[in-house]
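The first residue of the sequence shown is numbered 1, and numbering continues consecutively from there. What you see is a predicted model; the values in this text were computed from it and never measured. For ligands, and for the atoms within them, numbers begin at 1 and follow the listed sequence.
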Amino acid sequence: MSATNPAATNPAATNPAAIVGEERLLIDGQLRPARSGKVFETINPATEEVLGVVADADDVDLDAAIGSARRAFDETDWSTNLARRVAGLRQLQAAFLKHADEIRAMTVAETGTPVSLTHSAQLDDPVASLGWVADLAESYQWETDLGNAAPLGILSHRWVRREATGVVGAITPWNVPHQITLAKLGPALAAGNTVVLKPAPDTPWCATVLGRLIAEETDIPAGVVNIVTSSDHRIGAQLTVDGRVDQVSFTGSTATGKQVMASAAETLKKVFLELGGKSAFVILDEADLRGACAVAAFTVCTHAGQGCAITTRLLVPRQQFDEAVSATAAVMGKLPAGDPTESGTICGPVVNARQRQRVEGYIRLATEEGGSIVTGGGRPPGLEKGFFIEPTLIVGVDNAARVSSEEIFGPVLVVIPHDGDDDAVRLANASPYGLSGSVWASDRDRAVGVANRIRTGTIGVNGGLWYSPDVPFGGYKQSGIGREAGIAGFEEYLETKSIAEPA
Ligand code: NAD
């Protein structure tokens, strides 16, 4: 076989059987099937082929997983042995790196993500973040001395100690599974918590493969991480009501996040929510209009628009509207939906048939709301299999239209005119969400001034990228509560204890 044949270096590219998944749950250190013996299928969204099966856990399995996490927290030294935790995280990072090629192929097959993105947010960056959080835990100031004071006349020496919260129930969506899972698991474990992970049913192998690495290639003790896949969303709901769980760390839709918060209220759990978005890409007059429009087009096509922080409302100066629309459409037309295993693909399929129906429903709604489609709007020709949708540009609707205000989670961009900086800020903020955004102007101070006025958790100015393990990420308003990544993301998983003794 020729050394230049892609199949020689990447058998998964031509032979789907080479894709390695994992069928088993991880409970109390054991890789095992569901108690009932039931399984469900995981599907390749680019081919609609069944990749394989995974254990379909029920409430009995979840009960065992929570019990095991509780025991590991209460009865082992995990929460107090920093060196053990740091060593475990570094072993996990090394295991990911050792199996990076097979995990990359499996991730592309299961999520439909373009393989190019696995070299950043879909795999390599989250794996690197494990090292970052291990370093942080080693250098973190776990105790702070507050010195002496004499409240009520009693001279006392006071200090503040940070401690793990306890058992964390982590619930994740399907779109960027390694990123979201490791952004929860890394800091939660580094802080000394134990975890029950309930991944989305659409991408279960991305979680169970992690379970295999933990069980087979790390010394992370039994029960510290438990992974429970299920086709039944009620398993996630059960995790939010169980009294043995101290904290729920949830990423998913705003609708589900509201249910999580309500059900966690019964036992007053600490709740951390990363939810949806409808972020604005604001171009001010005198910006490099064509350059900015190209970035906006590229962003919405990335992973078929399935990113909570992707900018999906393009706000452009009214007098430059036509020029902006044609520049954006031209770039979107050059980024067609296609095979995610091809290195040049940016827009793969959406995750499943239901999601494609949902996106197509919004595209129909755009015309019902009086809008028109400049480019895209259908399924790409020549791709009979796979849940593909053409990158779609919509004009003629205002900021209050449903397609402009609701999260679509597909490669769909709406262009809306604005009448200057104040109007752009008003439109950007006229949203129930506040997750991300982008501002472009030739004058840097003007762009930063507008960015400061937009109520959102992350924002780029003139193409600057905030995405990094040391940068907190999260939402204002209905985009969430709390922050993932950075020191703030680590501290989400800590309690604060104040102690005093007679001085
Ligand atoms: P989803 O809300 O449908 O499901 C997310 C997870 O919650 C899944 O594991 C699901 O099984 C579980 N779940 C469902 N009902 C539940 C309940 N009642 N109680 C507890 N758990 C329950 O989200 P999805 O469709 O898988 O993912 C897409 C959504 O995720 C989008 O809205 C997107 O914006 C959001 N998201 C947000 C971020 C962020 O960091 N802000 C990142 C990625 C995705």
Side-chain angles (χ1 to χ4, degrees), residues 40 45 54 56-57 59 62 111 113 121-122 126 169-184 196-204 206-207 227-242 245 248-266 269 271-279 302-312 350-352 354-359 362 406-410 431-436 456-458 466-467 471-486 489 492:
F40 66 101
V54 69
D56 197 359
D59 50 353
L62 183 69
T111 66
T113 181
Q122 288 283 19
I171 302 172
T172 55
W174 40 262
N175 58 326
V176 204
H178 300 303
Q179 165 65 43
I180 295 166
T181 301
L182 296 183
K184 296 188 186 308
V196 177
L197 170 66
K198 208 301 286 173
D202 313 277
T203 52
C206 286
I227 299 178
V228 182
T229 49
S230 179
S231 62
D232 185 350
H233 292 304
R234 284 176 305 175
I235 292 299
Q238 199 183 330
L239 194 53
T240 65
V241 296
D242 194 292
V245 176
V248 174
S249 177
F250 173 82
T251 300
S253 63
T254 294
T256 310
K258 289 177 184 176
Q259 291 174 21
V260 166
M261 194 165 175
S263 55
E266 186 60 31
K269 294 185 198 324
V271 175
F272 168 51
L273 302 173
E274 292 285 357
L275 308 177
K278 189 76 183 181
S279 300
T302 305
H303 192 23
Q306 299 168 110
C308 52
I310 285 178
T311 40
T312 49
V350 296
V351 74
N352 56 30
R354 187 170 41 86
Q355 184 64 14
R356 181 168 62 180
Q357 265 170 19
R358 184 184 140 85
V359 177
Y362 272 107
E406 296 178 13
E407 186 180 51
I408 297 175
F409 232 55
S431 166
Y433 298 112
L435 192 57
S436 193
T456 187
T458 54
W466 44 262
Y467 171 73
V471 176
F473 167 75
Y476 283 29
K477 302 190 274 183
Q478 294 190 29
S479 288
I481 298 174
R483 290 294 177 271
E484 204 136 69
E492 290 289 347

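- With a 4.0 Å cut-off on non-hydrogen atoms, Glu407 touches ligand 1 through its side chain and not its backbone.
- In this structure, the protein non-hydrogen atom closest to atom 28 (C) of ligand 1 is Phe409 CE2, 3.7 Å.
- Proximity of Pro201 to ligand 1 is established by a heavy-atom distance of less than 4.0 Å.
- Counting only N and O atoms by type, the side chains of Tyr362 and Glu406 include a donor and acceptor under 3.5 Å apart.
- At least one heavy atom of Pro199 sits less than 4.0 Å from an atom of ligand 1.
- The N/O atoms of Gln259, backbone and side chain alike, include one that comes under 3.5 Å of an N/O atom in ligand 1.
- Aromatic ring pairs are classed by plane angle as parallel below 30°, tilted from 30° to 60° and perpendicular above 60°; the pair Trp466 and Phe473 is parallel.
- Less than 4.0 angstrom separates some heavy atom of Ile171 from each of these atoms of ligand 1: 6 (C), 7 (O), 9 (O), 12 (C), 20 (C), 21 (N).
- Distances between N or O atoms of Thr251 and those of ligand 1 include no value under 3.5 Å.
- Looking at ligand 1, you'll find an N or O of Trp174 within less than 3.5 Å of one of its N or O atoms.
- Considering backbone and side-chain N/O atoms, Asp202 never comes within less than 3.5 Å of an N/O atom of ligand 1.
- Evaluated by nearest non-hydrogen atom to atom 20 (C) of ligand 1, the leading choice among Ser253, Gly457, Gly236, Ser230 is Gly236.
- Counting heavy-atom neighbours within 6.0 Å of Arg358 CZ, excluding the residue itself, gives a total above 12.
- Contact between Lys184 and Ala170 at its shortest, heavy atoms only, is CD-CB, 4.0 Å.
- Residue contacts with ligand 1: His233 is placed with a nitrogen or oxygen under 3.5 Å of a nitrogen or oxygen of the ligand (distance criterion only).
- Annotation for ligand 1: atoms under 4.0 Å from non-hydrogen atoms of Asn175 are 43 (C), 44 (C).
- In terms of polar-atom proximity, Thr254 is not counted as a contact of ligand 1, lacking any N or O under 3.5 Å from an N or O of the ligand.
- For atom 38 (C) of ligand 1, the nearest non-hydrogen atom from the set Ala237, Cys308, Ala485 belongs to Cys308.
- Remark: minimum distance from atom 8 (C) of ligand 1 to any protein heavy atom is reached at Thr172 O, 3.3 Å.
- Under 3.5 Å, the side chains of Thr311 and Ser279 contain no donor-acceptor pair of N or O atoms.
- Considering Pro173, Gly252, Gly276 only, the shortest heavy-atom separation from atom 35 (C) of ligand 1 involves Gly252.
- Taking a cut-off of under 4.0 Å to the non-hydrogen atoms of Ile180, the atoms of ligand 1 that pass are 42 (C), 43 (C).
- In Leu239, neither the side chain nor the backbone holds a heavy atom less than 4.0 Å from any atom of ligand 1.
- Counting only heavy atoms from C-beta outward, the side chains of Ile171 and Thr240 approach each other to under 4.5 Å.
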### Query
Hey, mind stepping through Ile481 and Met261 against side chain to side chain contact (heavy atoms under 4.5 Å, CB included) and telling me if it holds?
CA-CA 10 Å; Ile481 298 174; Met261 194 165 175; 3.7 Å; yes
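- Close contacts between ligand 1 and Lys198 involve ligand atoms 8 (C), 9 (O), 10 (C), 11 (O) [criterion: under 4.0 Å to a heavy atom].
- Summarising the geometry, atom NE2 belonging to His303 is positioned 4.5 Å from atom CD belonging to Gln122; distances are rounded to the nearest 0.5 Å.
- Short contacts between ligand 1 and Val260, defined as distances under 4.0 Å to a heavy atom of the residue, involve ligand atoms 19 (N), 20 (C).
- Close contacts between ligand 1 and Leu275 involve ligand atoms 34 (O), 37 (C), 38 (C), 39 (C), 41 (N) [criterion: under 4.0 Å to a heavy atom].
- In the candidate list Thr256, Ile235, Thr240, Thr256 is nearest to atom 17 (C) of ligand 1, counting heavy atoms.
- Those atoms of ligand 1 with a heavy atom of Phe473 less than 4.0 angstrom away are 39 (C), 40 (O).
- At a cut-off of 3.5 Å, with distance as the only test, a side-chain donor of Gln478 or Lys258 sits close to an acceptor on the other residue.
- For the pair Glu484 and Thr251, the minimum side-chain heavy-atom distance is below 4.5 Å.
- A donor-acceptor contact closer than 3.5 angstrom is absent between the side chains of Ser431 and Lys278.
- Judged by distance alone, with hydrogens and angles left aside, the side-chain atoms of Ser479 form no donor-acceptor pair with the main-chain N or O of Leu275 at under 3.5 Å.
- Using a cut-off of 4.0 Å between Lys/Arg side-chain N and Asp/Glu carboxylate O, Glu492 and Arg483 are scored as not salt-bridged.
- No side-chain heavy atom of Pro199 sits less than 4.5 Å from a side-chain heavy atom of Thr181.
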